[in-house]
**Q** 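This is the structure, below, for whatever I ask next.
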Amino acid sequence: MPGGRLTQQERQQIALGLADGLAYADIARRLDRPTSTVTREVMRNGGPTSYRADLAHRAAERRAHRRKKAAPREPNTPPQAHGRDAEAVREYEETFTTVFMQSGLPKMTARVLASLYTTDSGSLTASELTGRLQVSPASVSKAVTFLEGQGLIRRERDERRRERYVVDDDVLYQSTMAGARSTAHLGEVARQGVGILGPGTPAAARLENIARFVDFVSESIARAADQAREILHTNPERTSDSAT
């Protein structure tokens, strides 16, 4: 059933679909499953090039076994804010993590970023992340160092002088602009090669075309980010009311 756990046969069909070069959405339609289910299944089990149905099924059985062993502790779990379904939140965080992994982030880094984005405050301390993700402090430290270096989070001190890791509207904007600058740098380096390889040569022509393409893309990204920046500061409820 679409809402149940994947069966071993379904995992074999996923493996066959990947071998045939099918997109996650096409595989999901064949299984009558959400695309997010297939995406998460593949990404948590080696990715599209390393996915193996038998190993994935065994890993799923081990996770299920661990959840059963942890079941007696569930009544002590604090309730979710705003009456949220804890299981639905957990599944969504896994899906969000998978999307970040597809964009190139390592798994732990993606988990940290997904946790920050799905927290109402948009900020967590190292100890809060450690408890939330059930990982070592060293793993969290490595992940936040990477994220900060990429401009995806920032650090701040709260009233208790604790260091907090924060995602907010301006962090996303600044990260986008940093990406545009990085793309523009590629164009600059490509254009340097034109003079070195000799104007008019096939290699120089190729590099010039790359530079022109990259210039256009980076300028478009920066312009679009500037134009859309106010969206990040808009109250969604006000936007919905205006549309109505």
Side-chain angles (χ1 to χ4, degrees), residues 13-30 35-53 56 94-114 116-117 142-154 167-232:
Q13 289 180 275
I14 290 174
L16 289 173
L18 293 172
D20 290 340
L22 297 181
Y24 294 144
D26 294 330
I27 298 173
R29 277 193 292 271
R30 289 186 174 187
T35 301
S36 61
T37 297
V38 174
T39 303
R40 185 168 59 249
E41 165 69 14
V42 174
M43 294 305 295
R44 72 172 11 163
N45 290 289
T49 59
S50 302
Y51 182 83
R52 284 184 53 185
E94 286 191 11
T95 300
F96 212 2
T97 297
T98 299
V99 172
F100 286 137
M101 289 170 64
Q102 286 181 302
S103 71
L105 290 181
K107 184 175 181 178
M108 181 51 61
T109 306
R111 291 185 68 198
V112 168
L113 192 58
L116 287 168
Y117 269 113
K142 183 178 180 180
V144 297
T145 298
F146 178 88
L147 289 168
E148 186 180 29
Q150 296 297 309
L152 295 173
I153 66 171
R154 62 181 173 81
V167 292
D168 59 17
D169 303 335
D170 285 327
V171 164
L172 184 59
Y173 169 78
Q174 295 298 337
S175 174
T176 302
M177 295 301 286
R181 289 192 293 272
S182 177
T183 302
H185 181 63
L186 171 61
E188 293 172 2
V189 173
R191 189 162 279 117
Q192 290 173 9
V194 174
I196 295 172
L197 296 172
T201 65
R206 185 183 306 112
L207 290 176
E208 177 61 31
N209 287 340
I210 290 173
R212 289 169 55 218
F213 172 81
V214 168
D215 286 347
F216 180 85
V217 170
S218 61
E219 289 170 6
S220 298
I221 291 173
R223 184 166 54 250
D226 279 329
Q227 292 173 346
R229 189 177 189 182
E230 65 182 69
I231 294 174
L232 292 169

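In this text the structure is predicted, and so the values were computed from the model without any measurement. Residue numbers run from 1 in the order of the sequence given.
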**Q** Can you pull out every salt bridge (charged side-chain N to carboxylate O under 4.0 Å, His left out) where at least one residue sits in residues 191-200? Sequence neighbours excluded, please.
**A** R191-E208, R191-D215
**Q** For V214 versus G187, what's the shortest heavy-atom pair and its separation?
**A** CG1-N, 3.5 Å
**Q** Test your reading of the model: is there a side-chain donor-acceptor pair from S182 to the backbone of A178, 3.5 Å cut-off?
**A** no
**Q** Closest heavy-atom contact between V194 and A204?
**A** CG2-O, 3.6 Å
**Q** With sequence neighbours excluded, what pairs up with T95 under the side-chain contact (heavy atoms from CB on, under 4.5 Å) test?
**A** S36, R40
**Q** Quick check: closest heavy atoms across V42 and P48, and the distance to 0.1 Å?
**A** CG1-N, 3.5 Å
**Q** Mind checking what makes side-chain contact (heavy atoms from CB on, under 4.5 Å) contact with R154, not counting sequence neighbours?
**A** E156, V166, D168, V171
**Q** Working to the nearest 0.5 Å, report the span between NZ of K107 and CZ of R44.
**A** 7.0 Å
**Q** If you round to the nearest 0.5 Å, how far is CE of M101 from CD of E94?
**A** 10.5 Å
**Q** What's the shortest heavy-atom distance between A225 and Y173, and which atoms?
**A** O-CE1, 3.7 Å
**Q** Quick one: CD1 on I14 to OH on Y24, what's the gap to the nearest 0.5 Å?
**A** 10.0 Å
**Q** Any chance you could measure M108, atom CE, to T97, atom OG1, to the nearest 0.5 Å?
**A** 9.5 Å
**Q** Look up atom CG in L113 and atom CD in Q150, then write down how far apart they are to the nearest 0.5 Å.
**A** 11.0 Å
**Q** Going from CD1 on I153 to CG on L116, what distance comes out if it is rounded to the nearest 0.5 angstrom?
**A** 6.0 Å
**Q** Check step by step if side chain to side chain contact (heavy atoms under 4.5 Å, CB included) holds for F100 and T109.
**A** CA-CA 9 Å; F100 286 137; T109 306; over 6 Å; no
**Q** Give a yes-or-no answer on whether the side chains of R206 and N209 include a donor-acceptor pair shorter than 3.5 Å.
**A** no
